[in-house]
Amino acid sequence: MIGMDEPTLGEVARTLGRIETDIGRRLDDIVGRLDRFVAVEVYDAHRAAIGERLDDLAAEIAELHQQRRADDDRRAADRRIMTGAVTTAVLSLVVSVLISVLGIK
C-alpha cells in the first residue's frame, strides 16, 4: 500500500509533465540564442572582407586627394598665366597711350 508521504502515480506524471514542458521551453530558448550566434570562420571571413574594403577605400581616398592636389596646382598655374596675360595687355595699352601722348615714334 502507498504511504501518505509517497506521491501518487498521477502526481508523478503531472510533475514529469511540468519538468518536460520546462525543459522543452528552456531548450527552445537556448536554440533561439544559438541561432543568433555566428560561426568563428564566418565572422573571421566577414572581418577580413571588411578589412579589404576599408583598405580599398583608403587607397581610393588617397588617390582622390592626389587628384585634388594636382587640380589645385593646375588651377594655380592657370591663374598665373592669366595674370601674366592681363598684366601684359594692360602694360601694352599703357605704353601705347604714353607713346601717343608723348608723341614718340
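No hydrogens, no waters, no symmetry mates; every other heavy atom, side chains included, goes into these values. Quick caveat: nothing in here was measured; it's all calculated off a predicted structure.
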Original post:
salt bridge (charged side-chain N to carboxylate O under 4.0 Å, His left out) between R68 and D72: does it pass, once the steps are laid out?
Top reply: CA-CA 6 Å; R68 187 183 57 80; D72 289 347; 3.2 Å; yes
**OP:** Start with the C-alpha gap between R74 and D78, add the side-chain angles, then the distance that decides, and say whether salt bridge (charged side-chain N to carboxylate O under 4.0 Å, His left out) holds.
**Re:** CA-CA 6 Å; R74 190 173 52 250; D78 290 346; 5.3 Å; no
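Each of L91 and M82 belongs to its own hydrophobic cluster when Ile, Leu, Val, Met, Phe, Trp and Tyr are linked at side-chain heavy-atom distances under 4.5 angstrom. Under the 4.5 Å side-chain heavy-atom criterion for ILVMFWY residues, no single connected hydrophobic cluster contains both L54 and I61. With hydrophobic clusters built from ILVMFWY side chains whose heavy atoms lie under 4.5 angstrom apart, I50 does not share a cluster with V42. Residues I99 and L102 share a hydrophobic cluster, clusters being chains of Ile/Leu/Val/Met/Phe/Trp/Tyr side chains in contact below 4.5 Å. Both L98 and V90 belong to a single network of hydrophobic side chains, linked directly or stepwise wherever heavy atoms of I, L, V, M, F, W or Y lie under 4.5 Å apart.
Although no hydrogens or angles enter the test, the distance criterion places no donor-acceptor pair under 3.5 Å between the side chain of S92 and the main chain of T88.
Considering CG of D22 and CD1 of I19, their distance stands at 8.5 Å, rounded to 0.5 Å. The distance from atom CG of D73 to atom CZ of R69, rounded to the nearest 0.5 Å, is 9.5 Å.
Within 6.0 Å of CD in E11 there are more than 12 heavy atoms belonging to other residues, nucleotides or ligands. Taking a 6.0 Å sphere around CD of E20, one finds it holds 12 or fewer heavy atoms contributed by other residues, nucleotides or ligands.
Using a 4.0 Å cut-off between a side-chain N of Lys or Arg and a carboxylate O of Asp or Glu, D29 and R25 do not qualify as a salt bridge.
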